[in-house]
There are 2 protein chains.
Amino acid sequence: MDFKRLRYALAVADEGNFVRAAERVSISQPALSRAVQALEEELGFLLFDRGNRNVAVTVAGAAFFNHARRLLFDVRNMEHDLDMLRNGDSGRVAFGIGPLHSGALLPRMLRQVRAEQPGIIMSVSINNSNYLLDHLRAEDMEFFMSDVRLIEAAEDLIITHECRQYGGIYCRPGHPLLARPDITPPELLPYGMAAPTIPDVLMVQMNKLFRLPPGRDLPVVLSCDSVHTLVDVVAECDLLLISSHAALAEAAELGRLVQVPVALPPLWADIATIRLRGRTLSPGAQRVLQTARAVLSQLAGTEMPRQ
Amino acid sequence: MDFKRLRYALAVADEGNFVRAAERVSISQPALSRAVQALEEELGFLLFDRGNRNVAVTVAGAAFFNHARRLLFDVRNMEHDLDMLRNGDSGRVAFGIGPLHSGALLPRMLRQVRAEQPGIIMSVSINNSNYLLDHLRAEDMEFFMSDVRLIEAAEDLIITHECRQYGGIYCRPGHPLLARPDITPPELLPYGMAAPTIPDVLMVQMNKLFRLPPGRDLPVVLSCDSVHTLVDVVAECDLLLISSHAALAEAAELGRLVQVPVALPPLWADIATIRLRGRTLSPGAQRVLQTARAVLSQLAGTEMPRQ
DNA sequence: ACCATTTACGTGGGACGTAAACATT
DNA sequence: AATGTTTACGTCCCACGTAAATGGT
């Protein structure tokens, strides 16, 4: 039972003529004749009654062609789906992202994937790096993006550093802080901080930057993974916002927020892609990843210069 | 895209191991490896991530195997159906039969086909020979059975004479006729005749046998294609029944009817199978025909000896 | 004699098996 | 060393094309 023979026999059934059928399937007419004979032999009954000026499908042949037609239809469908799959235009792509980047990167990324690969079904997990790692290893997702500092290198992981996103402290225009000269980190603390969810590991580093005594944490009084919400709140009160420049580019441009000129070492996030070693990314995932990189380089382009 | 390759790749997916998969599909392991490689090349993406102690299906591969499994399932289904079709165990068989034989032959035939080929869908036309011929030529049926005397030989027909069924005149036991010695045909006429539908051509011949003057027909006062009905009627009144011996064997055995010992030349029907020249009978039809012949020879065996 | 299908014959590519190489534990 | 996959190489078969034969109008 061979696809080719089915196609050949169907061509004869459709054309009612070996010569035309042969040119339709692009082989010589004798070859077609033999192929059909071989198929008939294999089946055990005749498909055609050969007249002198015409070829007629037998009763058994008609029953056979009903099956064959449906089968070839399914095969064509499958081939189309596989084309889509090969090009990353269809299929299901599961990936993850840390909450820190779910604000600036993720929405742009999703929009662009939706535009470029509308056939792709995406399944996104926004969660902490431990959760993401577990589910990556369980092969619930193909890759995830997270701050590289949260991920411990391991044999079974491929960690690709994608880019460094700098960030800073923002406040509303007209904030009392802005009137002071030479602002130092401790001066910020009384106003309270707003920020996306900050993992413990990073919080420790932040505490050092702000020269806090051990055991005391940065006073993050508002923690929320929705950057829009944070901007809305901070624009209307004296809270200070810790965030990447990229996430706030739009708000800064609109004049809703300004960067606080404080003497701090640079703040940054090192965004990385983490996937399993030895596991092939699906074509869809490969293109999603390309899109992610494109969005990241766009964001780098819009990055506000550190003051 | 080749069935074999699909089967091979699926075996690897199922076994998670090239060696076991190779013996499952009965080829050498290197051959299997190459076949899978070729398939992957053709598809444009990897199906498996080859580890050192295991083989894992890729994400794209999983999507592919969903398609492939369904397709191979359909193929197996189709092959099973084709087996049935080849053996005449499934399919639709359309055939026809003249009303004269629909009484004795047809029910036995249908019962036997139902028993032997339960998968066959039968479509039976009981009708006159002109109707049957038209619909045979229109390929609405594969063959029909009829009295050969009603069918005019033609180039496009294959007429196979199957057997000759003799018949006679029957009446109820105790019928007044039976009391007379040396019954002659004209003596029968006053009682009136019952018979299955008799075609005009045969009626002319019957008229001659009964020595009727031209223009006068045999007085068939009850014409009905249900032999059971005819028997029921004739058993309770003085009508005479013209029929094949075979159709009345049962009634005669039960003592419901007896043959009238009249000096008539033998009455008979020449049953023939008529089909189109150059058209192949489906396997189902071939077996139905075999069954018909078997039934006919059974009937010949039960044939009542002419008195 | 023409039209269409089938047979005859020679060729090339592909699928196979055996054996060896390679990779990892 | 053991296990498992890939590469190398030689063989055979099958599908193909060209050309000739067959068969029916």
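The sequence lines fix the lettering, A, B, ..., with proteins before strands; numbering per chain opens at 1.
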Point to revise | Between E162(B) and T273(B): side-chain donor-acceptor atoms closer than 3.5 Å | key: yes

Could you check whether [X] gets within reach of a base, just the sugar-phosphate, or nothing at all, counting any heavy atom under 4.0 Å?
X: R5(B); value: sugar-phosphate
X: Q37(B); value: sugar-phosphate
X: N17(A); value: sugar-phosphate
X: Y8(A); value: sugar-phosphate

Practice item. Using heavy atoms to find the nearest nucleotide of DNA chain D for S26(A) and N54(B) separately, return the residue whose nucleotide is more 5′. Key: N54(B)

Study note, to complete from the structure: Closest heavy-atom pair, I271(A) versus L296(A), reported as atoms and distance to 0.1 Å, is CD1-CD2, 3.8 Å

Would you mind reading off the distance between [X] atom [atom1] and [N] atom [atom2], rounded to a whole angstrom?
X: L32(A); N: dT6(C); atom1: CG; atom2: P; answer: 9 Å
X: K4(B); N: dA15(D); atom1: NZ; atom2: C1'; answer: 12 Å
X: D49(B); N: dT6(D); atom1: CG; atom2: C1'; answer: 16 Å
X: E155(B); N: dG24(D); atom1: CD; atom2: P; answer: 12 Å
X: E23(A); N: dA4(C); atom1: CD; atom2: C1'; answer: 13 Å
X: D2(A); N: dC16(D); atom1: CG; atom2: C1'; answer: 14 Å
X: R34(A); N: dA19(D); atom1: CZ; atom2: P; answer: 14 Å
X: E42(B); N: dG13(C); atom1: CD; atom2: C1'; answer: 16 Å

Point to revise | Of the listed nucleotides dT6(D), dG17(D), dG17(C), the one nearest the side chain of Q29(B) | key: dT6(D)

Point to revise | Minimum-distance nucleotide to F18(A) side chain [options: dT6(C), dT5(D), dC16(C)] | key: dT6(C)

Electrostatic pair [X]:[Y] at N-O distance under 4.0 angstrom:
X: R137(B); Y: E155(B); value: no
X: R277(B); Y: D156(B); value: no
X: E142(A); Y: R279(A); value: no

Review point. Hey, which of these two, P30(B) or A38(B), hits DNA chain C nearer its 5' end, going by closest nucleotide?
Key: A38(B)

Check your understanding: Are any of S33(B)'s side-chain N or O atoms less than 4.0 Å away from OP1 or OP2 of dT5(D)?
Key -> no

Review point. Is the phosphate of dC16(C), meaning OP1 or OP2, less than 4.0 Å from a side-chain N or O of S28(B)?
Key: no

Practice item. Record whether the side chain of R50(A) comes under 3.5 Å of the base of dG24(D) through a donor-acceptor pair of N or O atoms. Key: no

